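What follows is a set of notes on a single structure, which appears directly below.
Please read all numbers here as calculations on a predicted model, not as lab measurements. By convention here, the first residue in the shown sequence is residue 1.
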Amino acid sequence: MDDYRLIADELAADITSGRLRPGQQLPTQRAFARRRGIAASTAGRVYRELVRRGLTVGEVGRGTYVRAGGRSGENGRIALAEPATAPIDLELNYPTAPGQAELLAGALAPLLRADALEEALRPVGAAGTDAARQAFAGLLTAGTGGWEVDARGLLFAGNGRQAVAGALAALVAPGQRLGVEALTYPVVKAVAGRLGIRLVPLAVDEHGLRPDAVAAAHRTAPLSAVYLQPRLQNPLGISLPPERAVTLAAELRRLDLPVVEDAIWSFLRPELAPLAALAPERTVLVDSLSKRLAPGLTVGFAVVPDGLRERVAGALRTGGWTPSGFALEAAVRWIGDGTLAAVTAAKRTDATARQALAREALAREALAGQRLRADPCSYYLWWELPGSWRAETFVAAAARAGISVTPAAAFSVDPRSTPPAVRVGLASPPLPVLAWALRVLAGIADG
């Protein structure tokens, strides 16, 4: 192992043990090099490695700071799926509908018969089963603005992250460039790093991804594909208006670029048609049941055009990302008996109620110099802090108050242009606790 990685491991251990605290500033690279008796270039590599692992964030002109909530996972990297350590979790976002467990249990009971269980425990490939393709095609057709989904285009993975990984691995070779929204889903950053894909940040405005930004990036050096979330983009909560979606689809067609459309939150805005409906010949739409139902027993799925199906299926197979037969069969039953529709409807109502509560709670506070972005149907909001705050310091202050939120650095593709902002997830706590936590955050921001 390179010496710089050994030094990075030491600092990572200090961060995860709490010896280096969230929000604490590290020495300058020059001072660190003198202290450790190493070259300045080696110190630079150490600091870049810590940023890559998600343990620190560097701000140009301000220095390098320990990330708040730096929980370590495998190989010292941030484990994004671990529960937050703060008592009030406004970081992870897994909504639960009232009575959800009872509904799911009732649909599973027939599956536990010996004959049905034996069938469900057999291995399945990326193509799933005919029953699964028909069920998921019906699910998507009913919940995507009237888009008619062809069941033959369905492929399956163990979860949504694996579906994204399979699509990216099929479309973008190591070393090639993938265009993504400048603030994007953190797991895509991790997947791209593991696959050797170079991420290119693309500008976003109040209407979502800008078509001219895609064209400009492609002129600079060719992109191999584009990844985006056209509906309820995470973390900004933006959905492409129909006019922008049409323009973007036309530009992607003109540039002959394939697209990975992440539809994970789209079930909350079923009236909006996906980008895949406008450019079906080049769009791989990926989704999962983790938000609709629960992350513990989920299925990832993708609608893949004919010309890309073998490539994506091959990537899912070689990556070991094919689905569990039991989870797939359970999902088919939940779709068929109406359980999934009932849970989804309850979560739409819940998300709307939580956004209304957030608006009411924060309307009472004087949020001078701040901006809140949120869709009234979503489970999160984007909080742009006043100029006196750095996101990492705000996150650390919130953690001291027992509240966990996510700093902008987790979503930023270019660490040199990370805004002073945080994402606040609304799904986890009970409504009265959520209202109290939001008022506490407003007080911290005003302090």
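- You'll find the side chain of Val124 reaches within 4.5 Å of the side chain of Pro323, heavy atoms only.
- For the pair Glu384 and Arg373, the minimum side-chain heavy-atom distance is below 4.5 Å.
- When every heavy atom of Gly300 is checked against every heavy atom of Ser288, the shortest pair comes out as CA-CB, 4.0 Å.
- With hydrogens and angles ignored, the 3.5 Å screen pairs a side-chain donor or acceptor of Arg354 with a backbone N or O of Leu426.
- Applying the side chain to side chain contact (heavy atoms under 4.5 Å, CB included) test between Leu209 and each of Ile238, Leu202, Val180 identifies Leu202 as the sole match.
- Val191 places none of its side-chain heavy atoms less than 4.5 Å from the side chain of Tyr227.
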Going through the checks in order, is the side-chain contact (heavy atoms from CB on, under 4.5 Å) test met by Val413 and Thr184? CA-CA 7 Å; Val413 177; Thr184 192; 3.7 Å; yes
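- One finds the CZ atom of Arg423 at 10.0 Å from the CG atom of Leu90 (value rounded to the nearest 0.5 Å).
- Remark: the backbone N or O of Ala157 is not paired with any side-chain donor or acceptor of Gln162 at under 3.5 angstrom.
- The main-chain N or O of Leu104 is found under 3.5 Å from a side-chain atom of Trp334 such that the two form a donor-acceptor pair.
- Side-chain contact between Val226 and Leu255 is absent, with no heavy-atom pair separated by less than 4.5 Å.
- Below 30°, between 30° and 60°, or above 60°: for Trp382 and Phe411 the angle between ring planes is above 60°, a perpendicular geometry.
- In terms of modelled atom types and a separation under 3.5 Å, the side chain of Arg177 and the main chain of His218 share no donor-acceptor contact.
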Would Leu223 and Leu178 satisfy side-chain contact (heavy atoms from CB on, under 4.5 Å), going step by step from the backbone distance to the final call? CA-CA 6 Å; Leu223 301 173; Leu178 173 70; over 6 Å; no
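- Other residues, nucleotides and ligands contribute over 12 non-hydrogen atoms within 6.0 Å of the CZ atom of Arg253.
- Residue Leu278 comes nearest to Val246 through the heavy atom pair CD1-N, 3.9 Å, listed as atom of the first residue, atom of the second, then distance.
- Looking only at side-chain heavy atoms (C-beta outward), Asp89 and Pro429 stay at 4.5 Å or farther from each other.
- Side-chain atoms of Asn93 come within 3.5 Å of backbone atoms of Tyr379 as a donor-acceptor pair (strictly under, hydrogens ignored).
- Of the possible polar contacts, one joining the Lys347 side chain to the Arg292 backbone as a donor-acceptor pair under 3.5 Å is found.
- Within the 4.5 Å cutoff, no side-chain heavy atoms of Pro305 are placed close to those of Arg309.
- In this structure, Ala170 and Arg311 approach most closely via the heavy-atom pair O-NH2, 2.9 Å.
- In this structure a side-chain-to-backbone donor-acceptor pair under 3.5 Å is missing from Gln134 to Ala151.
- Residues Val204 and Leu183 have side chains not in contact (no heavy-atom distance under 4.5 Å, counting atoms from C-beta outward).
- Although no hydrogens or angles enter the test, the distance criterion places a donor-acceptor pair under 3.5 Å between the side chain of Arg133 and the main chain of Ala127.
- Taken to the nearest 0.5 Å, the OG1 atom of Thr283 stands 5.0 Å off from the CG atom of Leu275.
- A distance of 5.0 Å separates CG in Leu340 from CG in Leu293, rounded to the nearest 0.5 Å.
- Rounded to the nearest 0.5 angstrom, Glu261 CD and Leu285 CG are separated by 4.5 Å.
- Note: Asp150 CG to Asp306 CG = 7.5 Å, rounded to the nearest 0.5 Å.
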side-chain contact (heavy atoms from CB on, under 4.5 Å) between Asn234 and Ile264, worked out: CA-CA 9 Å; Asn234 180 17; Ile264 186 69; over 6 Å; no
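- Listed here is the closest heavy atom pair of Pro211 and Thr247: CG-CG2, 3.9 Å.
- Taken from CG in Asp375 to CZ in Arg231, the straight-line distance is 12.5 Å, to the nearest 0.5 Å.
- Ring geometry, Trp383 versus Phe394: the interplanar angle falls from 30° to 60°, so the pair is classed tilted.
- Contact between Val200 and Ala217 at its shortest, heavy atoms only, is CG1-CB, 4.0 Å.
- Of all the heavy atoms in Ser412 and Ser417, the pair that sits closest is OG-O, 4.0 Å.
- Taking the side chain as every heavy atom from C-beta outward, Phe156 and Thr129 never approach each other to under 4.5 Å.
- Using a distance-only test at 3.5 Å, with no hydrogens or angles considered, no donor-acceptor pair links the side chain of Gln229 to the main chain of Ser239.
- Looking at Arg244, its side chain does come within 3.5 Å of a backbone N or O of Gly208 through a donor-acceptor pair.
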If you apply the rule side-chain contact (heavy atoms from CB on, under 4.5 Å), what do you find for Gln355 with Cys377, and how did you get there? CA-CA 7 Å; Gln355 280 289 351; Cys377 300; over 6 Å; no
